[in-house]
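Let me begin by presenting the structure, written as structure tokens, before commenting on it.
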Amino acid sequence: MNVCVYTLGCRLNQCESEAIADSFAQEGFAIVSERVPSDLYIVNTCTVTSKAEQKARRMIRKFCEQGVTLVTGCYAQVNSEELSALGQRLIIVPLSKKAQLLKLAKHINSCLLAGFTLDEAARSFGDEAASPFDYDAATFSYHSRAYLKVQDGCDNSCAYCRVHIARGEAISLDVATVVERALSLQRAGFQEIMLTGVNLTMYDHQGSGLGGLLEALLSNLSSSMRLRLSSMEPDHIDARLLDVLSDTRMQPHFHIPIQSGSDRILKRVDRNYTIEELKQILEHLRRVKDDPFIAADFITGLPGESEADFAQTRDLILSQEFAALHIFPFSPRPDTPLANPTDRVAESVRDERAKVLRAVGRTLFERYQSRQVGQRGEVILQNRKGGSWYGVSGNYLEVKIDDPPAFGREGMLVAGRFGPVVEGESCISFLVERQVV
Ligand code: SF4
């Protein structure tokens with residue numbers, strides 16, 4: 001029986017989906033992509049933007065025509081009624097029950113043996129206790145690197161966001177369990193783990209903070225294991241965290257949601273840091289890593305954003321030479337303080353600003369790629385196509401290896417040198433010198 005786990009949104013959702021897919025694979029189900037017809041669909045939704053919600057609705061409608069469809073995630077949590085109306089064979093799974101999906105595969109198998117239909121089986125699950133930290137995948141069907149969820153929820157209340165409304169208060173998985181799970185991923189042969197959470201820098205277990213967690217992980221993991229952080233909110237990046245990032249096993253790739261280069265706008269939307277503080281963090285990251293890949297999120301057209309505020313954002317981006325930008329035009333989210341702002345920016349202005357920043361982002365990315373030519377780096381091999389290996393470097397560039405080593409296998413960590421940018425493809429070439437063991 002085919003099962004498709006379709007994911008929208010952040011890396012935490014991807015991590016949770018992988019664990020759900022893994023639980024089905026272990027029970028003998030075939031895990032397929034959305035392009036293959038499936039008997040059961042699990043849609044893990046996102047509520048960050050209205051675009052993500054639109055896409056969720058479109059895919060849910062399509063999936064409902066093909067099979068039994070369970071819909072969960074942040075969007076399903078805050079708009080269950082709207083989503084329930086999209087199809088007949090649709091079941092909404094609230095966030096409080098989302099982790100129970102990890103037990104659904106076993107439940108379905110026993111129901112089918114007892115003569116129930118798939119629809120009946122899917123509708124009758126949900127009494128088993130499960131915690132938001134039960135997502136503990138041993139295999140990854142949709143990614144070749146391992147994800148490890150260490151945090152959930154958020155105690156901030158940024159005025160545009162409803163993720164914290166859907167996910168609730170910040171909670172953290174205890175240090176010992178994180179270390180134990182990371183060690184079992186290492187034993188399973190993974191050479192890179194990405195740590196994820198709703199607000200990762202809010203990680204806190206008995207005062208350790210994210211820095212303390214990383215210290216514990218690094219002292220237990222082998223010298224060939226690499227760690228990557230999904231994203232870091234600026235307001236909880238402290239000295240202990242910055243110090244531990246200098247360890248060579250921490251990948252030189254950071255993703256920071258900045259949202260605006262104007263202190264006035266940051267204050268307007270209840271973000272808890274200033275541009276000066278942010279600059280100090282960026283300076284430190286560049287001190288501990290050699291030309292790290294620093295990606296940043298920005299929102300254009302936040303309420304009250306004037307031409308002068310936008311100019312400050314653009315200046316910040318240019319002066320900081322980010323390697324990549326993720327630009328989101330502001331869309332008011334229901335149930336947030338900015339649902340109906342009186343100082344709303346015209347959509348045409350918002351979209352024009354997004355267009356300008358996306359163009360800047362493309363130029364900065366190309367510059368970053370070109371700067372890497374001739375530099376040393378490490379790559380995790382991901383997939384083989386037409387005689388070449390493709391992979392992702394420590395500094396988060398997609399690479400193509402035209403002269404692959406015979407010892408190559410998916411998930412392997414190799415060291416070498418970046419070559420020229422590949423013509424007609426968005427990646428950069430890489431020459432492998434050795435395997436990292
Ligand atoms: S830090 Fe702000 S934007 Fe991020 S999840 Fe928390 S409230 Fe939302």
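Numbering of ligands and ligand atoms starts at 1, following listing order. Along the sequence shown, residues are numbered consecutively beginning with 1.
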Ser222 backbone acceptor or donor facing Gln186 side chain under 3.5 Å:
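The answer is yes, because a donor-acceptor pair under 3.5 Å joins these two groups.
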
Hey, which protein N/O/S atoms does atom 6 (Fe) of ligand 1 have under 2.8 Å?
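Less than 2.8 Å away from atom 6 (Fe) of ligand 1 sit Cys154 SG.
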
What about Phe328 and Phe298, are their ring centers closer than 6.0 Å?
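Here the rings of Phe298 and Phe328 have centres that are no less than 6.0 Å from each other.
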
What orientation do Phe365 and Phe293 show, parallel under 30°, tilted 30 to 60°, or perpendicular over 60°?
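Phe365 and Phe293: perpendicular rings.
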
In terms of ring plane angle, is the pair Phe430 and Phe418 parallel, tilted or perpendicular, where the classes change at 30° and 60°?
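Rings of Phe430 and Phe418: perpendicular, over 60°.
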
Counting heavy atoms only, which part of Arg167 comes closer than 4.0 Å to ligand 1: side chain, backbone, both or neither?
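It is neither; nothing of Arg167 touches ligand 1.
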
Suppose I only count heavy atoms of Arg271 and a 4.0 Å limit; which atoms of ligand 1 are within that range?
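Close to Arg271: 1 (S), 2 (Fe), 3 (S).
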
Going by the atom numbers of ligand 1, which of them fall below 4.0 Å from some non-hydrogen atom of Tyr160?
3 (S)

CA sep, side-chain torsions, deciding dist, call: Phe330, Tyr160, ring pair (Phe, Tyr, Trp, His ring centres under 6.0 Å)
CA-CA 8 Å; Phe330 170 70; Tyr160 53 81; 7.4 Å; no

Give a yes or no on whether a salt bridge exists between Arg286 and Glu321, defined as a side-chain N under 4.0 angstrom from a carboxylate O.
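A salt bridge is absent here (no side-chain N lies under 4.0 Å from a carboxylate O).
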
So, Glu283 and Lys289, do they make that salt bridge, N to O below 4.0 Å?
no

